[in-house]
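Presented below is the structure to which this report refers.
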4 protein chains.
Amino acid sequence: MGRRKKEPPNIHRENIALSAHKLFMSNGIECTTMNDIAKESGYSKATLYVYFQNKEEIIAFLVLKSMTKLDEYITLALENQKSTKGRYDMICQGLLEYQKQYPFYFAVALDEINIDFKNSNYLPEEEETYHVGEEINKKLQQFIQEGILANDLKPDIKILPTIMAFWGMLSGLIQISVKKEAYITQELKMSRQEFLKYGFETLYQSIAAEVRE
Amino acid sequence: MGRRKKEPPNIHRENIALSAHKLFMSNGIECTTMNDIAKESGYSKATLYVYFQNKEEIIAFLVLKSMTKLDEYITLALENQKSTKGRYDMICQGLLEYQKQYPFYFAVALDEINIDFKNSNYLPEEEETYHVGEEINKKLQQFIQEGILANDLKPDIKILPTIMAFWGMLSGLIQISVKKEAYITQELKMSRQEFLKYGFETLYQSIAAEVRE
Amino acid sequence: MGRRKKEPPNIHRENIALSAHKLFMSNGIECTTMNDIAKESGYSKATLYVYFQNKEEIIAFLVLKSMTKLDEYITLALENQKSTKGRYDMICQGLLEYQKQYPFYFAVALDEINIDFKNSNYLPEEEETYHVGEEINKKLQQFIQEGILANDLKPDIKILPTIMAFWGMLSGLIQISVKKEAYITQELKMSRQEFLKYGFETLYQSIAAEVRE
Amino acid sequence: MGRRKKEPPNIHRENIALSAHKLFMSNGIECTTMNDIAKESGYSKATLYVYFQNKEEIIAFLVLKSMTKLDEYITLALENQKSTKGRYDMICQGLLEYQKQYPFYFAVALDEINIDFKNSNYLPEEEETYHVGEEINKKLQQFIQEGILANDLKPDIKILPTIMAFWGMLSGLIQISVKKEAYITQELKMSRQEFLKYGFETLYQSIAAEVRE
DNA sequence: AATGAATGAGAGTTCATTCAT
DNA sequence: AATGAATGAACTCTCATTCAT
């Protein structure tokens with residue numbers, strides 16, 4: 001296999017992306033310049049362009065990574081929890097964790113990752129992100145199916161639309177809990193956590209099977 | 001004082017803001033420059049700064065305007081519809097309309113308008129936007145109270161948290177319906193409208209009183 | 001004489017200039033805009049241009065006024081003090097007072113007021129300032145002559161060059177005492193006043209007649 | 001690290017600063033724009049900002065350079081001349097030369113370089129300028145001490161205050177000789193050089209020991 | 001593979017001044 | 001006489017990206 005490179009390109013991509021991530025977290029994506037990333041990572045600015053086409057690709061790389069993490073989290077959650085409600089709770093926790101660790105990427109993922117077959121300018125990372133998303137969706141599909149079979153969820157649920165709608169609603173809920181934390185604390189007299197718990201519970205009732213006596 | 005005013009300043013603010021709005025809609029807020037707005041509105045760039053402190057204030061003006069429209073819409077909806085479900089549907093329609101006409105401003109409102117009493121650098125428009133938001137919230141509060149009294153909504157609803165949560169969830173739902181329209185159409189085999197209707201219905205069930213027989 | 005104007009233009013010029021002066025003193029000449037002056041004076045920006053050709057003329061007006069004050073001060077000083085040294089001290093005090101009240105105008109006067117007969121773009125105020133300067137010079141000339149006659153000053157002094165040189169040196173001394181006050185206090189362990197007194201005394205010795213025994 | 005450097009960065013700083021200096025000399029500092037400097041130097045405007053933080057740093061660089069030159073000049077003067085008067089004359093020549101080559105920087109140095117330990121926003125060049133100034137002061141201190149020991153200067157001179165006062169007075173003298181050259185030529189019937197010679201001599205007498213017979 | 005060096009193309013903002021009324 | 005309204009012309013500074021080596 002010939003001479004082995006001391007550090008395969010992946011290492012450099014990881015280094016750069018990690019530095020970028022740190023900066024994105026503290027200053028925001030917009031306010032982070034390629035210069036900043038170069039300094040933080042210890043590479044020269046030009047070298048950044050050896051490993052990534054442009055700033056957008058660094059973001060896409062991180063979006064993919066965050067989605068992969070989310071996939072792992074949800075996979076684990078579904079394996080470990082067996083009850084429907086327990087699983088739902090863990091999924092909500094997963095999203096919460098995701099937003100905590102990667103607060104900026106969900107919006108990007110939502111914005112950019114589309115099966116837009118006309119516009120084929122998408123980056124490989126974006127395509128892969130899409131696939132990871134599909135993986136997650138499959139697992140959620142199964143989760144709902146099992147929930148219905150267990151009589152925990154309403155039998156007439158349209159599975160795919162429900163998943164998509166819940167993606168939107170849960171992330172909207174988390175989003176508002178972050179942006180309006182001050183309002184929630186002061187006017188609602190709740191902690192953000194309490195608010196989210198209440199929101200998650202409320203939403204769950206929209207798909208939970210009604211309890212018969 | 002001048003002897004006559006051809007057009008009250010408000011007209012100019014409206015002209016400028018309208019031009020800005022057009023450009024924001026087609027190119028996005030970030031990508032629209034003051035130069036663009038000047039050209040589109042027919043005023044010189046310097047004149048823009050006669051009527052607005054800066055770009056931010058143009059945005060704040062439009063955010064306020066959009067919120068006011070939403071308030072009007074919701075007010076009308078609650079007046080015209082008497083049934084709880086009818087009102088809920090109209091509110092959803094209002095949000096939908098809002099997002100159609102002002103797709104970028106909700107995010108801004110969410111981002112910038114906060115009861116941040118420490119930082120008093122907020123623009124007057126931002127303060128007013130906050131108050132319009134509070135107006136809307138009051139009306140929604142009454143709506144829910146009446147819904148409970150009419151036995152249409154669960155009696156144990158926490159009103160304010162529910163409103164806040166629904167703001168988040170409904171806008172998240174609408175957001176995803178826009179961003180992922182292609183996916184919805186192709187994979188869920190639904191129109192965006194059908195998806196939204198399903199989402200709205202699902203969510204309603206989380207607060208709807210259970211039907212007794 | 002017909003109808004009398006309620007306020008002769010001079011009043012307006014005074015009002016405007018006074019407002020400008022206030023702002024110049026607190027923010028500097030460069031940083032004071034015509035807008036600021038308009039607001040401070042209560043006139044509209046356009047009205048400023050009714051009474052002054054431009055910003056430069058406002059400055060020239062104030063420079064003239066400050067020179068006139070200096071003239072008055074020195075005139076009084078020479079009248080009240082009869083001893084040569086007493087007069088010198090009062091002149092120094094006058095310059096000190098001048099720099100305190102009009103810290104920015106001496107530099108301007110130095111810069112702009114020149115008998116530059118080629119360039120006839122000078123403002124009427126500038127011409128008048130020149131003449132006030134000449135008035136002062138005449139009085140100083142007489143002061144020196146009397147000082148020589150009284151055997152207080154060296155008899156071989158070249159009067160006009162001495163006046164000009166003293167203008168430069170005294171204002172340079174005052175200038176440095178202002179700009180380097182921190183340095184003087186910390187490193188020289190003197191107050192600005194003490195430093196100036198020492199400087200004035202030292203300089204006086206360069207023209208004082210040597211004391212015979 | 002790059003394999004080779006065509007020109008060390010200093011060369012570029014020198015190039016840029018030299019171009020800036022040329023423009024400052026003909027148009028003044030205020031009226032020279034970064035655009036002008038870019039054109040004159042042949043670099044792009046953006047490149048200017050690679051080598052200097054901002055316009056202020058270009059000025060600070062030139063101020064430092066000019067102070068360094070002055071230091072060199074004075075050092076040489078004190079080494080070559082052994083008599084007190086000869087040294088004084090050379091120092092005056094040095095200041096004259098300084099003002100000729102760098103007419104704008106003394107005012108800046110006076111304005112900006114201060115031991116303002118609270119405000120630590122000063123540029124490295126400004127700090128260094130301060131130190132060069134201190135170097136000069138030390139040499140002048142020694143010059144005066146030797147002058148006193150040689151009975152050429154009055155024994156009761158306060159050394160540091162004298163240095164500071166002379167800085168101010170000499171630069172004020174030179175300043176006025178430049179600004180009022182026309183007046184001096186026409187009204188005093190002297191050349192600028194003669195005027196300065198007279199001024200320098202006069203001032204020297206304020207510290208010169210009185211000649212005994 | 002890695003980078004020093006360079007930049008095109010703006011961005012938002014400011015201000016003295018003018019002019020029709 | 002007085003001004004509301006409007007603006008041309010700058011200004012400093014930024015940043016993602018490229019390219020020769």
Side-chain angles (χ1 to χ4, degrees), chain A residues 5-9 12 30-38 42-58, chain B residues 1-9 11-12 30-38 41-58, chain C residues 5-9 12 30-38 42-58, chain D residues 1-9 11-12 30-38 41-58:
Chain A
K5 279 171 222 146
K6 249 187 274 171
E7 305 197 20
H12 299 305
E30 290 273 300
C31 291
T32 300
T33 73
M34 292 299 270
N35 230 331
D36 298 336
I37 299 173
Y43 295 86
S44 85
K45 225 192 312 186
T47 306
L48 265 38
Y49 287 88
V50 173
Y51 293 104
F52 291 96
Q53 287 177 41
N54 47 35
K55 190 182 176 182
E56 210 188 329
E57 202 196 351
I58 300 183
Chain B
M1 275 164 229
R3 247 160 302 171
R4 108 196 164 75
K5 254 183 228 170
K6 240 187 275 176
E7 313 196 37
I11 286 285
H12 299 303
E30 290 274 299
C31 292
T32 300
T33 75
M34 292 300 272
N35 238 330
D36 297 338
I37 299 172
S41 66
Y43 295 87
S44 83
K45 218 190 328 179
T47 304
L48 265 39
Y49 286 87
V50 172
Y51 293 103
F52 291 95
Q53 285 177 43
N54 48 35
K55 190 182 174 182
E56 210 189 330
E57 202 197 352
I58 301 183
Chain C
K5 277 172 219 143
K6 247 186 278 171
E7 307 196 20
H12 299 305
E30 290 273 299
C31 291
T32 299
T33 73
M34 292 299 272
N35 229 330
D36 296 336
I37 299 173
Y43 295 86
S44 85
K45 225 189 314 184
T47 306
L48 264 39
Y49 286 88
V50 174
Y51 293 104
F52 291 96
Q53 285 177 41
N54 48 34
K55 190 182 174 182
E56 210 188 329
E57 202 196 352
I58 301 183
Chain D
M1 278 164 224
R3 249 159 303 170
R4 110 199 161 76
K5 254 186 227 168
K6 240 187 275 175
E7 313 195 38
I11 285 285
H12 300 302
E30 290 274 299
C31 291
T32 300
T33 74
M34 292 300 272
N35 239 329
D36 297 337
I37 300 173
S41 66
Y43 295 86
S44 81
K45 215 190 329 179
T47 305
L48 264 39
Y49 285 89
V50 172
Y51 293 102
F52 291 95
Q53 286 177 41
N54 48 34
K55 190 183 175 182
E56 208 189 331
E57 204 198 351
I58 300 183

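Both backbone and side-chain heavy atoms feed into the values below; hydrogens, waters and symmetry mates do not. All figures in this text were calculated on a predicted structure; none of them were measured in a lab. So that the names make sense, note that chain A is the first sequence line, chain B the second, and so on, each numbered from 1.
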query = Is the distance from OP1 or OP2 of F:dA5 to the nearest side-chain N or O of B:Tyr51 less than 4.0 Å?
reply = no
Heavy atoms of D:Ile58 and D:Phe52 approach each other most closely as CG1-CG, 3.5 Å
Which part of the nucleic acid, if any, lies within reach of A:Thr47 when heavy atoms closer than 4.0 Å are counted: base, sugar-phosphate only, or nothing?
base
Can you check whether B:His12 has a side-chain N or O nearer than 4.0 Å to OP1 or OP2 of F:dA6? yes
Exercise for the section: Check whether any side-chain nitrogen or oxygen of A:Tyr49 sits under 4.0 Å from OP1 or OP2 of E:dA2, and answer yes or no. Expected result: no
Taken in chain and number order and not counting sequence neighbours, the residues that satisfy side-chain hydrogen bond (donor to acceptor under 3.5 Å, both in side chains) with B:Thr47 are B:Ser44
Between B:Leu48 and B:Ala38 the two heavy atoms that sit nearest each other are CD2-N, 3.7 Å
Applying the Watson-Crick and G-U criteria (both distances under 3.5 angstrom) with [ ] for crossing and | for other-strand pairs, one obtains for DNA chain F .||||||||||||||||||||
For A:Thr32, the side chain to side chain contact (heavy atoms under 4.5 Å, CB included) test, sequence neighbours excluded, returns A:Leu23, A:Phe24, A:Asn27, A:Asp36, A:Ile37
**Request:** Give a yes or no on whether a donor-acceptor pair under 3.5 Å exists between the nucleobase atoms of E:dT7, that is its base, and the side chain of D:Lys45.
**Result:** no
On a heavy-atom basis, the closest approach of D:His12 and D:Tyr51 is CD2-OH, 3.1 Å
Rounding to 0.5 Å, atoms CE (A:Met34) and NZ (A:Lys55) come to a distance of 8.0 Å
Rounded to whole Å, CG of D:Asn35 lies from P of F:dA10 at a distance of 10 Å
